[in-house]
Structures are given as C-alpha cells and as structure tokens.
Amino acid sequence: MDKYRPETKEAKKERLKARAADKAEGKADAPTKRAPVVRHGINTVTTLIEKKKAQLVVIANDVDPIELVVFLPALCRKMGVPYCIVKNKARLGRVVRRKTTT
C-alpha cells in the first residue's frame, strides 16, 4: 500500500515548480493529475463509500469504541465496495503517515 501514500510536501512543491516552469516558458498550462491515494478518517471514508468513489476500504480491528466502524462492512456490501480488515490502527496509520488512524 506504500504505492498509494499521500504526496509529501516536497513532492508537491517539485510538481508545482515544474508546472510553473512550463508556464513561464509559454507552454499551455495543463493541470497535473493527482495520483490515487489512501484517504483516512471515518467521515471521509463514509462519504467516499456513499458516493461510490472508494475502490477499497481498509478497516482497523482495534478501533475504540468499536461502534465507530461496525456499520462499515454492511455499508460496503450494500454499495458494492470491497473491504478488508487489518490487524491494528498503527499499520494503517503508517501508510498515511500518521501515528494511528481509523
């Protein structure tokens, strides 16, 4: 899942500098497309599932209180989104560069 990590500040700065250099040379300003990334947080993930924009939902098994994520598998099945459950929040947080995440 490291392939889908969010863009770092340095990478974003380089991408935007290259775009600005192209614009300064007189080339057409074409917006750069962002790569698909892992999104985190209950509200964000729920919104993405409801809009059918989520491609895979990863759920941590040690969320406290558990009621926060109990509804996610049923919602994923209803909307046709695949999901999986990982061992703990720290593993999931490592992908999105946070200490822990839900």
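Heavy atoms only: backbone and side chains are in, while hydrogens, waters and symmetry mates are out.
Dense packing is recorded around CD of E25, with more than 12 heavy atoms of other residues, nucleotides or ligands lying under 6.0 Å away.
Listed for the D62 side chain is a donor-acceptor partner under 3.5 Å among the backbone atoms of K89.
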Chi angles and distances behind the side chain to side chain contact (heavy atoms under 4.5 Å, CB included) call for L75, T46:
CA-CA 8 Å; L75 182 63; T46 304; 4.0 Å; yes

Give the C-alpha distance, both sets of side-chain angles, the deciding distance and a yes or no for side chain to side chain contact (heavy atoms under 4.5 Å, CB included) between I66 and L68.
CA-CA 5 Å; I66 194 68; L68 290 175; over 6 Å; no

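Contact check for I59 versus P73: side-chain heavy atoms found under the 4.5 Å cut-off. Looking at heavy atoms from C-beta onward, C76 lies in side-chain contact with I49 at the 4.5 angstrom threshold.
Smallest separation of non-hydrogen atoms from M79 and E50: CE-O, 3.2 Å. The shortest non-hydrogen separation linking A54 to V81 is O-CG1, 3.8 Å.
Rounded to the nearest 0.5 Å, atoms NZ (K51) and CG (L48) are 7.5 Å apart. Note: R77 CZ to L72 CG = 11.0 Å, rounded to the nearest 0.5 Å. Taken from NZ in K27 to CZ in R19, the straight-line distance is 14.0 Å, to the nearest 0.5 Å. A distance of 14.5 Å separates NZ of K17 from CG of D22, quoted to the nearest 0.5 Å.
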